[in-house]
Q: 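Take this structure, written in C-alpha cells, and hold onto it; I'll ask about it next.
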Amino acid sequence: MSNPELQFILTLACPNRPGIVAGVSTFLFQHGCNILEAQQFDDTESGRFFMRTVFNVVEGEAGLEALKTEFAAIAEGFKAAFSIRPKAEKRRVLLLASKSDHCLADLLYRWRIGEIPMDLVGIVSNHPRETYAHLDFDGIPFHHLPVTKATKLEQETEIWDVFKSSRAELAVLARYMQVLSDGLAAKLAGRCINIHHSFLPGFKGAKPYHQAHARGVKLIGATAHYVTSDLDEGPIIEQDVERISHQDSPDDLVRKGRDIERRVLARALAWHLQDRVILNGSKTVVFRD
C-alpha cells in the first residue's frame with residue numbers, strides 16, 4: 001500500500017490536443033513515479049482539457065521542487081496551468097460566520113474528527129464570541145469584526161488583513177450574512193467559497209424559506225460556489241436538493257434547509273482542499289471522490 005505521506009496531486013488545465021495524457025504519463029514514468037488515481041475531462045464546448053492525477057515516487061529521489069521545475073517544460077508545451085503538491089499537505093483555512101452557526105458548527109466537528117483535514121487558522125464574525133458560547137473554539141484565533149453600512153470598507157480591510165496575516169489560502173463563508181464588496185471579492189477570487197439556499201423558483205431577501213412555503217414549492221436546496229463580484233452567481237462547486245410537501249411547515253423547511261446547507265458546504269470544501277475542483281470559465285470541473 002502506498003504511503004499517503006509520499007503521494008502527490010497533479011492538476012492540469014490547458015487547450016485540448018492529442019498527446020496530453022501520454023505526455024504526463026511518460027513524464028511520471030521517466031521520474032520513477034507510479035500513478036495511483038487518474039481523472040480527466042475534455043470539454044468539447046470550450047476546447048479545454050482538465051486532468052487530476054495522484055501519484056507517488058517509487059524509484060529514485062525525485063523531490064517536489066524538482067518535479068515542479070522539470071514538469072514546467074512539459075506544461076509550457078501544452079500551454080497548461082498546473083499544480084503539484086503533497087497530498088498530505090493541509091491547506092490553511094479561515095472561516096467567516098454570522099449568527100446562524102449550523103455550518104460553522106458542522107465544519108468544526110468534521111475538522112476535529114479528521115474528516116476534513118485542514119489547518120484552521122481563524123474564525124471571523126461580525127458577532128461577539130458570546131454568540132458562540134456553546135461552540136468549542138479552543139486553540140482557534142477568534143476575530144470579532146463588527147460591521148455597519150458606514151464601516152463596511154474598514155471592516156473588510158480588517159478581514160483582508162486577517163486573511164493575509166494568518167497566511168490563509170482559502171476563506172469559507174459559513175453562513176456569513178454580509179455581502180462582500182467587489183474589491184474584496186476580487187482579492188479572494190478562486191479562494192473563497194460561499195453557501196446559500198437555492199430554490200426553484202428562487203427567493204431573495206429576508207426569510208427565503210417562509211417565501212418558499214408561501215409559494216408551495218416542492219423542492220428546496222443549497223448551492224456552494226466560489227465568490228465573485230456578481231452576488232451568488234460565482235462558479236458552482238456543489239448543489240443538493242430535498243423534496244418537501246404540503247405537510248411541511250416553514251420551520252420544517254428551515255430545519256431541512258440547514259441540513260442541506262451543511263452537507264453541501266462540507267462537500268465543496270473537502271473537494272477544494274483535495275484539488276478536485278478546477279475553474280472552467282464561469283463553471284467548474286469537479287472530479288468527485
Side-chain angles (χ1 to χ4, degrees), residues 9 11 64-65 68 81 83-101 103-112 114-196 224-229 231 234-235 237 265-266 268-275 277 279:
I9 302 175
T11 57
L64 177 60
E65 293 308 317
K68 285 181 178 180
S83 169
I84 302 176
R85 73 172 189 91
K87 185 178 181 182
E89 179 183 78
K90 294 181 181 179
R91 301 288 182 84
R92 300 175 66 83
V93 178
L94 180 68
L95 301 180
L96 283 76
S98 291
K99 201 167 185 179
S100 256
D101 62 3
C103 286
L104 174 63
D106 182 69
L107 293 181
L108 287 172
Y109 173 73
R110 295 177 192 267
W111 167 67
R112 291 195 188 281
E115 181 180 317
I116 301 182
M118 58 182 171
D119 281 340
L120 197 46
V121 298
I123 297 170
V124 171
S125 177
N126 55 324
H127 293 271
R129 175 67 181 89
E130 293 73 28
T131 305
Y132 314 100
H134 55 292
L135 296 180
D136 179 11
F137 289 175
D138 185 36
I140 308 170
F142 179 80
H143 308 271
H144 175 213
L145 303 179
V147 61
T148 66
K149 288 184 179 180
T151 64
K152 184 174 181 62
L153 290 181
E154 290 82 354
Q155 189 253 14
E156 285 197 347
T157 297
E158 292 182 281
I159 292 175
W160 179 239
D161 287 343
V162 171
F163 187 87
K164 290 188 299 180
S165 63
S166 65
R167 295 182 291 115
E169 299 169 83
L170 178 72
V172 178
L173 308 186
R175 295 300 286 163
Y176 179 68
M177 304 305 292
Q178 297 290 322
V179 177
L180 300 189
S181 68
D182 291 355
L184 185 56
K187 290 177 181 177
L188 294 172
R191 298 184 292 170
C192 185
I193 295 175
N194 186 31
I195 182 73
H196 71 87
H225 64 94
Y226 288 114
V227 171
T228 65
S229 57
L231 181 62
I237 303 170
L265 181 59
L269 173 57
W271 291 342
H272 176 96
L273 296 176
Q274 296 165 10
D275 294 293
V277 187
L279 285 168

Q: I would like to know whether L94 and V172 meet side chain to side chain contact (heavy atoms under 4.5 Å, CB included); could you show each step before the answer?
A: CA-CA 6 Å; L94 180 68; V172 178; over 6 Å; no

Q: Is it the case that D275 and T11 place a side-chain donor and acceptor less than 3.5 Å from each other?
A: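 No pair is found: no donor N or O on one side chain lies under 3.5 Å from an acceptor on the other.
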
Q: Determine whether a donor-acceptor pair (N or O, by modelled atom type, separation under 3.5 Å) exists between the side chain of R112 and the backbone of D136.
A: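 Between the backbone of D136 and the side chain of R112 there is a qualifying donor-acceptor contact (under 3.5 Å).
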
Q: With a 4.5 Å heavy-atom cut-off, do K99 and T131 have their side chains touching?
A: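 They are in side-chain contact.
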
Q: Indicate yes or no for a side-chain donor-acceptor contact from R85 to the backbone of I9 under 3.5 Å, with no hydrogens or angles considered.
A: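 No; judged by distance alone, with no hydrogens or angles, the pair does not exist.
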
Q: I want to check something: taking the side chain as every heavy atom from C-beta on, are L273 and I116 in contact at a cut-off of under 4.5 Å?
A: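 A side-chain contact exists here, since the closest heavy-atom pair is under 4.5 Å.
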
Q: I'd like to check L96 versus L104 (side-chain heavy atoms, cut-off strictly below 4.5 Å). Are they in contact?
A: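 Contact flag for L96/L104 side chains = no.
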
Q: Taking the side chain from K152 and the backbone from V179, do they hold a donor-acceptor pair closer than 3.5 Å?
A: yes

Q: A side-chain contact here means heavy atoms from C-beta on lying under 4.5 Å apart; do V121 and P141 qualify?
A: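 V121 vs P141: side chains apart.
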
Q: Just wondering, do L107 and L120 contact through their side chains at under 4.5 Å, heavy atoms?
A: no

Q: How about Y109: does its OH atom have over 12 heavy atoms from other parts shown lying under 6.0 Å from it?
A: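 Count not over threshold, so no.
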
Q: Using every non-hydrogen atom in the two residues, find where D101 and H134 come nearest and quote the distance to one decimal.
A: OD2-NE2, 2.5 Å

Q: Rounded to the nearest 0.5 Å, what's the gap from CD on Q155 to CH2 on W160? Could you check?
A: 14.5 Å

Q: Let me confirm one number: the OH-CG distance from Y132 to L108, rounded to the nearest 0.5 Å.
A: 11.0 Å

Q: Tell me, do L170 and R91 make a side-chain contact under 4.5 Å, heavy atoms counted?
A: no

Q: Under 3.5 Å, is there a donor-acceptor pair between the side chain of S98 and the main chain of M177?
A: yes

Q: Decide yes or no for H225 and H196: does some side-chain heavy atom of the first lie under 4.5 Å from some side-chain heavy atom of the second?
A: yes

Q: When you measure from the side chain of R175 to the backbone N and O of A97, does any donor-acceptor pair fall under 3.5 Å?
A: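 Absent.
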
Q: Would you call the rings of Y226 and H272 parallel, tilted or perpendicular, where under 30° means parallel and over 60° means perpendicular?
A: perpendicular

Q: Less than 4.5 Å apart, side chain to side chain, heavy atoms only: is that true for L184 and C192?
A: no

Q: R167 side chain to F163 main-chain N or O, any donor-acceptor pair under 3.5 Å?
A: no

Q: Do you know the tightest heavy-atom contact between L279 and G190?
A: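 Reported closest heavy-atom pair: CD1-CA, 4.3 Å.
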
Q: Using modelled atom types only, decide if a donor and an acceptor are shared between the side chain of T151 and the backbone of E154 within a distance under 3.5 Å.
A: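 Judged by distance alone, no pair lies under 3.5 Å.
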
Q: Give a yes or no answer on whether the side chain of W111 reaches the backbone of P117 with a donor-acceptor pair at less than 3.5 Å.
A: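 No, W111 side chain to P117 backbone: no donor-acceptor pair under 3.5 Å.
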
Q: Assess the side chains of N126 and H144: does a donor N or O sit below 3.5 Å from an acceptor N or O?
A: no

Q: Please evaluate residues S125 and L145 with respect to the criterion side chain to side chain contact (heavy atoms under 4.5 Å, CB included), reporting the C-alpha separation (whole Å), side-chain torsions for both, the decisive distance (0.1 Å), and the verdict.
A: CA-CA 6 Å; S125 177; L145 303 179; over 6 Å; no

Q: Between CG of L265 and CG of L173, what distance do you get to the nearest 0.5 Å?
A: 9.0 Å

